[in-house]
Amino acid sequence: VLEADGADLGVLCVGGRIDAVGRTEDLVRRVASLGIPPPGLRTIDAAGGLITPGLVDAHTHLVFAGTREAELQQRQAGATYLDILAAGGGILSTVERTRSASDEELLALGRARVRAMLEQGVTTAEAKSGYGLDAATELRQLSLIEVLRAEGPVDLVPTFLGAHAVPRELRRRPDGLDTYVTSVIEQQLPRVAEQGVARSCDVFCERGVFDVERSRKILEAGARLGLRPRLHADEIADSGAAALAAELSAASADHLAAVSREGIAALAAAADSGSPVVATLLPATTLYLMSEHYAPARQLIEAGVPVALGSDLNPGTSPTLSLSLVMSLACLKLRMTPREALVAATVNAARALDMEGEVGSIEPGRRADIVVWEVPSVEQLPYWLGGRLARVVVRAGRVALEHQALPGVRRR
Ligand code: NIG
Ligand code: FE
């Protein structure tokens, strides 16, 4: 974090990368020594605003069609998320809407969401498939993520989540679950790997969805094809998914709202052994599921487990595009400090995506993804609840978003 408040500090970016960080007078000298002519230089005055790396959203289901507002009322009436899924709703209704949506519709929705993320200061986001549940639609989702990535302005890191649920067409068959697991492993995964459209493979490892044994089979098959494992782990009930993540050296174990003591110990041991599994926590989902049982962030942090944050943007359990709101919830509900929340939404989120050498910190050599905030301190980021606080967002050295001073935000 560069807290410009008081000191005259700056960041010099050259050719889309961070070149130097430090006192402005030193940076001016560096510019001269590099021989950059004045017209080639664009100066942005942070005017006392906080400067941070571009935020990294470590968990999203970016590409989907349709909305599921009826589930909110079903939950108010006492139905649980897993009841709704078991009855053929939930994820499965989004699968139906996504399968029947055109590429243009999905791209238009995706573009609007990417734009809203950028407004929040997000410059990198993970994006999962998982609303196709057949080879053709899973591949289509991943190729649309690639189109959105290439368009910018937010970098997207694609994850294959064919094992999100068993599709409707197989659910009535007694062997439907295993038939689907086989098709994920034998039909979907090889094509995903061959087309190079995903970097990792995710599984919704949850009671009543995919158990630990089946999740292990899928993730090992993905790993053999070069896809890094990650998991939806112990979101609603503990099923030993955190320990599986540690066993497989997964990039991250996500959710963890119901993780057991053994699960925390397994993640702590992985961190100790030098191949940490990032715990990616998604508190907006817990809030939206009307649960009071939040992930044990303090225990994880105290056990030495790197903690990241994500929006979990999806139409069922977290219809939010606001990583700022998630950072506030991290403080209010997970009892993280504002600095821990910022680390979780930058460096550790980058780590969860295997991108720590590229983004998530302001240091020479990293991609020039930088946010100038309307507020002067790290503490004020989560303090403004649901605030839109990014004033300038630089992505790969170019100004991707620029606002005048935002009304309604007191800076000091
Ligand atoms: O992270 N739990 C599984 N996947 C998403 C929800 C997806 C959906 O309900 O559409 C999650 O909560
Ligand atoms: Fe999710």
Side-chain angles (χ1 to χ4, degrees), residues 57-72 74-75 79-99 101 109 113 125-133 137-138 141 145 157-168 200-211 215 218 230-239 241 245 250-259 278-291 293-295 308-321 323 326 329 349 352-353:
D57 188 337
H59 183 136
T60 87
H61 303 251
L62 177 70
V63 176
F64 60 84
T67 57
R68 300 195 340 232
E69 57 278 19
E71 286 174 30
L72 190 153
Q74 287 175 275
R75 275 199 296 281
T80 70
Y81 178 72
L82 292 177
D83 291 342
I84 296 168
L85 176 60
I91 293 171
L92 302 173
S93 55
T94 300
V95 168
E96 195 170 298
R97 290 284 284 109
T98 304
R99 284 179 179 174
L109 290 163
R113 291 174 193 143
E126 188 254 14
K128 301 175 195 296
S129 67
Y131 291 126
L133 308 188
T137 320
E138 288 293 314
Q141 259 193 295
I145 290 167
V157 185
T159 297
F160 167 65
L161 176 57
H164 200 188
V166 174
R168 272 183 190 156
S200 42
C201 177
D202 193 344
V203 173
F204 186 12
C205 182
E206 184 67 49
R207 189 193 290 164
V209 192
F210 297 97
D211 59 20
S215 301
I218 294 166
R230 61 180 70 253
L231 282 104
H232 280 70
D234 305 328
E235 173 180 358
I236 294 154
D238 170 49
S239 59
S252 78
D254 299 32
H255 283 294
L256 302 174
V259 67
V278 177
T280 298
L281 307 184
L282 312 167
T285 304
T286 314
L287 179 77
Y288 210 76
L289 288 177
M290 300 168 72
S291 162
H293 205 285
Y294 284 82
L309 289 169
S311 65
D312 197 17
L313 161 66
N314 78 76
T317 68
S318 189
T320 181
L321 291 149
L323 203 55
V326 170
L329 291 173
L353 303 183

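Both counts, for ligands and for their atoms, begin at 1 and track the order of listing.
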Engineer: Flag Thr285 as yes when one of its N or O atoms lies below 3.5 Å from any N or O atom of ligand 1, and as no otherwise.
Structural biologist: no
Engineer: Heavy-atom distance under 4.5 Å between the side chains of Arg75 and Thr80, does that happen here?
Structural biologist: no
Engineer: Given NE2 of His59 on one side and NE2 of His232 on the other, what angle do they make at the Fe ion (ligand 2), to 10°?
Structural biologist: 90°
Engineer: Give a yes/no answer: is there an N/O/S atom of Asp312 under 2.8 Å from the Fe ion (ligand 2)?
Structural biologist: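 Coordinating: yes.
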Engineer: Just need the protein heavy atom nearest to atom 11 (C) of ligand 1, so name the residue and atom and give the distance.
Structural biologist: Asp312 OD2, 3.1 Å
Engineer: For the residue pair Asp234 and Ser239, establish whether any side-chain heavy-atom pair is separated by less than 4.5 Å.
Structural biologist: yes
Engineer: Out of His232, His61, His255, which residue meets the ring-ring contact (aromatic ring centres under 6.0 Å, His included) rule with Phe204?
Structural biologist: His232
Engineer: Got Ser318 and His59 here, is their nearest side-chain heavy-atom distance under 4.5 Å?
Structural biologist: no
Engineer: Return the CD to CZ distance between Glu235 and Arg207, rounded to the nearest 0.5 Å.
Structural biologist: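 That separation rounds to 13.0 Å.
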Engineer: Under a 4.0 Å heavy-atom limit, does Tyr131 contact ligand 1 with its side chain, its backbone, both, or neither?
Structural biologist: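 Side chain only.
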Engineer: Under 4.0 Å from a heavy atom of His164: give me the atoms of ligand 1 that qualify, with their elements.
Structural biologist: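 This gives 3 (C), 4 (N), 5 (C), 7 (C) as the contact atoms.
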Engineer: Relative to the heavy atoms of Tyr81, which atoms of ligand 1 are at a distance of less than 4.0 Å?
Structural biologist: 2 (N), 3 (C), 6 (C), 7 (C), 8 (C), 9 (O)
Engineer: Does the side chain of Ser129 come within less than 4.5 Å of Val63's, by heavy atoms?
Structural biologist: no
Engineer: Which of the numbered atoms in ligand 1 are under 4.0 angstrom from any heavy atom belonging to His59?
Structural biologist: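 The list of qualifying atoms is 1 (O).
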Engineer: Does any N, O or S atom of His255, backbone or side chain, fall under 2.8 Å from the Fe ion (ligand 2)?
Structural biologist: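 For His255, the answer is no, given that no N, O or S atom comes within less than 2.8 Å of the Fe ion (ligand 2).
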Engineer: Taking the minimum heavy-atom distance to atom 1 (O) of ligand 1, which of Lys128, Arg68, His255, Glu71 ranks first?
Structural biologist: His255
Engineer: Within 45° of the six-membered ring axis of Tyr131 and under 6.0 Å from that ring's centre, is NZ or CZ of Arg97 located there?
Structural biologist: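 No, a cation-pi geometry is absent between Arg97 and Tyr131.
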Engineer: Using a distance-only test with no angle check, is there a side-chain donor-acceptor pair under 3.5 angstrom linking Ser200 and Thr159?
Structural biologist: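 Result is yes, a qualifying pair exists.
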Engineer: Do the non-hydrogen side-chain atoms of Leu313 and Phe64 ever get within less than 4.5 Å of each other?
Structural biologist: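 Leu313 vs Phe64: side chains touch.
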Engineer: Of the side chain and backbone of Glu206, name the one, both, or neither that has a heavy atom under 4.0 Å from an atom of ligand 1.
Structural biologist: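 Answer for Glu206: neither.
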Engineer: Regarding Arg230 and Ser252, is there a side-chain donor-to-acceptor distance under 3.5 Å anywhere?
Structural biologist: yes
Engineer: Provide the number and element of each atom of ligand 1 under 4.0 Å from a heavy atom of Ile91.
Structural biologist: 7 (C), 8 (C), 9 (O), 10 (O)
Engineer: Nearest to atom 5 (C) of ligand 1, what protein heavy atom do you find, and at what distance?
Structural biologist: His61 NE2, 3.6 Å
Engineer: Identify the closest protein heavy atom to atom 2 (N) of ligand 1: which residue and atom is it, and at what distance?
Structural biologist: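 The closest heavy atom on the protein side is Glu235 OE1, 2.8 Å.
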Engineer: Any atoms of ligand 1 less than 4.0 Å from a non-hydrogen atom of Thr317? List them with their elements.
Structural biologist: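 Those of ligand 1 that fall under 4.0 Å from Thr317 are 6 (C), 9 (O), 11 (C), 12 (O).
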Engineer: For ligand 1, which atoms, with element, lie under 4.0 Å from some heavy atom of Phe204?
Structural biologist: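 It comes down to these atoms of ligand 1: 2 (N), 3 (C).
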